[in-house]
Number of protein chains: 2
Amino acid sequence: MAMRKRQLVSNELTEAALQLLALKGFDAVTIDEIATTAGVSKRTFFRYFASKEDVVVQFLADMGADMRAELAARSAEERPSAALQCAVGVPIATCADHSDRALRVVQLILRTPALHARFLERQAQWRDDLAAELAQRLGLDPDSDLYPRLAAGMALNAFDAVLHRWSGSDGAEDPAELIDRAFAVIAPALDTV
Amino acid sequence: MAMRKRQLVSNELTEAALQLLALKGFDAVTIDEIATTAGVSKRTFFRYFASKEDVVVQFLADMGADMRAELAARSAEERPSAALQCAVGVPIATCADHSDRALRVVQLILRTPALHARFLERQAQWRDDLAAELAQRLGLDPDSDLYPRLAAGMALNAFDAVLHRWSGSDGAEDPAELIDRAFAVIAPALDTV
DNA sequence: CCGCTCGTGTCACTGAGTGTCAAGATGTCA
DNA sequence: TGACATCTTGACACTCAGTGACACGAGCGG
C-alpha cells in the first residue's frame with residue numbers, strides 16, 4: 001500500500017508538471033505551482049524529484065533500461081548493427097505508440113536548453129550501459145577496447161537524430177523508417193569485426 | 001581600452017573559478033566566493049557569465065569554432081574521415097599542449113554532473129555546426145539527408161571517448177594515438193559515399 | 001565645466017533546493 | 001481493539017543562484 005501511494009503521488013506530480021510546462025514553458029512555471037496543482041507541498045515535490053528538470057527526464061527514464069534489456073535479449077549471433085537497431089527501436093516504438101503525449105514531451109525537452117542538457121546527461125548513462133552490455137556480448141574488455149563505447153554512442157546518436165527529425169516534423173515523419181535510414185549510415189562501422 | 005579591461009576581469013574570474021572549483025569541488029564553492037576572490041561583486045560575475053557552469057564550459061568555448069574552422073580549411077577532396085579526424089584533432093592537440101591546466105578542467109567536468117550536462121549541450125551545438133559545414137562541403141541538404149548530422153555526431157563521439165580515456169588515465173595515454181584508434185572504428189561509416 | 005555613457009556596487013527580490021521538527025497516517029503485533 | 005513503531009507529510013527557516021532597479025564614479029566629447 002505504501003508503495004502504491006507513492007506511485008500515485010508521483011504520477012500526480014508528473015501529470016501536473018507536464019501539463020503546466022507544456023502549456024506555459026519551462027521557466028514560467030514554479031515548483032510551488034506544480035506541487036500545489038498536484039495537491040502537495042513544495043517540500044514533498046523534492047521528496048519525489050531532485051529538480052524541475054528531473055520530473056520531465058524521469059518520465060523517459062525507463063527507456064535506458066528497456067534498451068539494455070532488448071539488447072541483452074537478442075541472439076549473440078545477430079550482427080551488432082541489427083541488435084542495436086532493435087534496442088534503440090524499443091523506445092522509439094514506445095514514442096510512436098503514445099505519439100500525443102510523447103511528442104509534446106520530446107519537443108519540450110529539445111526546445112528547452114536546461115532540459116536538453118539533462119537529457120543528454122541521462123543518455124550518457126544509457127550509453128555506458130549499452131557499452132557494457134555490448135562488451136559482454138562480444139567478449140571485449142571495455143577498458144581497453146574503444147569499440148563498445150563508440151558503437152553504443154553511434155546507436156544513441158542515431159536515436160537522437162531520429163527524435164530530432166520526428167519532433168521537428170511534428171510527428172509527421174515515420175520514426176521506424178528514419179531509424180532504418182540512420183542505421184544504414186552507421187552500420188558499416190558497427191559490423192566491422 | 002574598454003575591451004581590454006573586460007578581458008582582464010573575465011580572465012581574473014575564470015582563474016579564480018577554476019582554482020577554487022578544482023580545489024573544493026563544484027558544489028562547495030559559491031559564486032560570491034569566486035567573485036570576491038577575483039575582487040569584484042557577485043553582480044559583476046553575472047555580467048560576465050550566465051552561471052557557475054558557464055565559467056568552466058566557456059573556458060572550452062573556442063573548441064567548437066576551432067573544429068569548424070579546421071574542417072572548412074581542409075581540401076574538399078579529402079575523405080570525410082580524414083577531414084573530421086583533423087578537425088577533432090585540433091582541440092585534442094590544444095588539450096595535450098596545456099595538459100596541466102586542461103586535464104584538471106576536463107576531469108572536473110566529467111566528474112561533476114551539472115558541468116557534464118552543460119558540456120554535452122555545448123557539444124550538441126558543435127555537432128550542428130560541424131554538420132552544417134559537412135553538408136556544405138559535400139553538397140548535401142542537411143534537412144533531408146541524415147549523413148551530416150550522424151557523421152558529425154560520430155566524430156564528436158570519438159572526441160568524447162578520447163577525453164574520457166585521457167582523463168581516466170590522468171593524462172597517461174596519448175590522445176593522438178587514441179584518436180587514431182577511435183577513427184579507425186568509425187571511418188567505415190564516414191567514408192561510404 | 002557640463003553632460004554623456006559605460007561599468008560597477010548595493011540593495012531588494014523571486015525561486016530552487018535543503019535541514020529540521022512536529023503531527024498525522026499507516027502498519028504490526030499482542 | 002489498543003499500544004507502539006515507522007513512514008510520510010507540511011510548515012518553517014535558511015542558503016544560494018540569478019535578476020531587476022538604481023545610484024555612484026570614471027572616462028570622454030563638446
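Chain letters run A, B, ... following the sequence lines, proteins first, then strands; residues in each count from 1. Side chains included, hydrogens not; waters and symmetry mates left out as well; all remaining heavy atoms used. No experiment lies behind these values; they were computed from the predicted model shown.
Residue A/Phe46 contributes atom CZ, which lies 14 Å from atom P of D/dG10 at whole-angstrom precision. The distance between atom CZ of A/Phe26 and atom C1' of C/dA16, rounded to the nearest whole Å, is 11 Å. Rounded to an integer number of Å, the gap from CG of B/Asp32 to P of D/dT15 is 12 Å. Taking atom CG on B/Leu8 and atom P on C/dG7, their separation rounds to 15 Å, with Å as the unit. As a whole-Å value, the separation of A/Ile31 CD1 from C/dT14 P is 17 Å. Per the geometry, NZ belonging to A/Lys52 stands 12 Å off C1' belonging to C/dG17, to the nearest Å. In this structure, CZ of B/Phe49 is placed 12 Å from P of C/dT8, rounded to the nearest angstrom. At whole-Å resolution of the value, CG in B/Asp54 and P in D/dG18 are 9 Å apart.
When the side-chain nitrogen and oxygen atoms of A/Ser41 are compared with OP1 and OP2 of D/dA11, none of them lie within a distance under 4.0 Å. In terms of phosphate contacts, B/Thr30 brings no side-chain nitrogen or oxygen within less than 4.0 Å of OP1 or OP2 of D/dC16.
With hydrogens and angles ignored, no donor-acceptor pair under 3.5 angstrom links the side chain of A/Lys42 to the base of D/dG10. A donor N or O paired with an acceptor N or O is found under 3.5 Å between the base of C/dG19 and the side-chain atoms of A/Arg43. Between the base of C/dG17 and the side chain of A/Arg47 there is no donor-acceptor pair shorter than 3.5 Å.
When every heavy atom of B/Val57 is checked against every heavy atom of B/Leu115, the shortest pair comes out as CG2-O, 4.4 Å.
Expressed to the nearest 0.5 Å, how far OG of B/Ser41 lies from CG of B/Asp32 amounts to 9.0 Å. For the atom pair OG of A/Ser169 and CG of A/Leu178, the computed distance is 7.5 Å after rounding to the nearest 0.5 Å.
Nucleic acid contact for B/Tyr48: sugar-phosphate only, since backbone atoms but no base atoms lie under 4.0 Å from a heavy atom of the residue.
Under the 30°/60° scheme for interplanar angles, the aromatic rings of B/Trp126 and B/Phe119 are found to stand perpendicular.
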- Test side chain to side chain contact (heavy atoms under 4.5 Å, CB included) on B/Lys24 and B/Glu33 and set out the steps. CA-CA 12 Å; B/Lys24 304 173 58 176; B/Glu33 216 173 332; 2.5 Å; yes
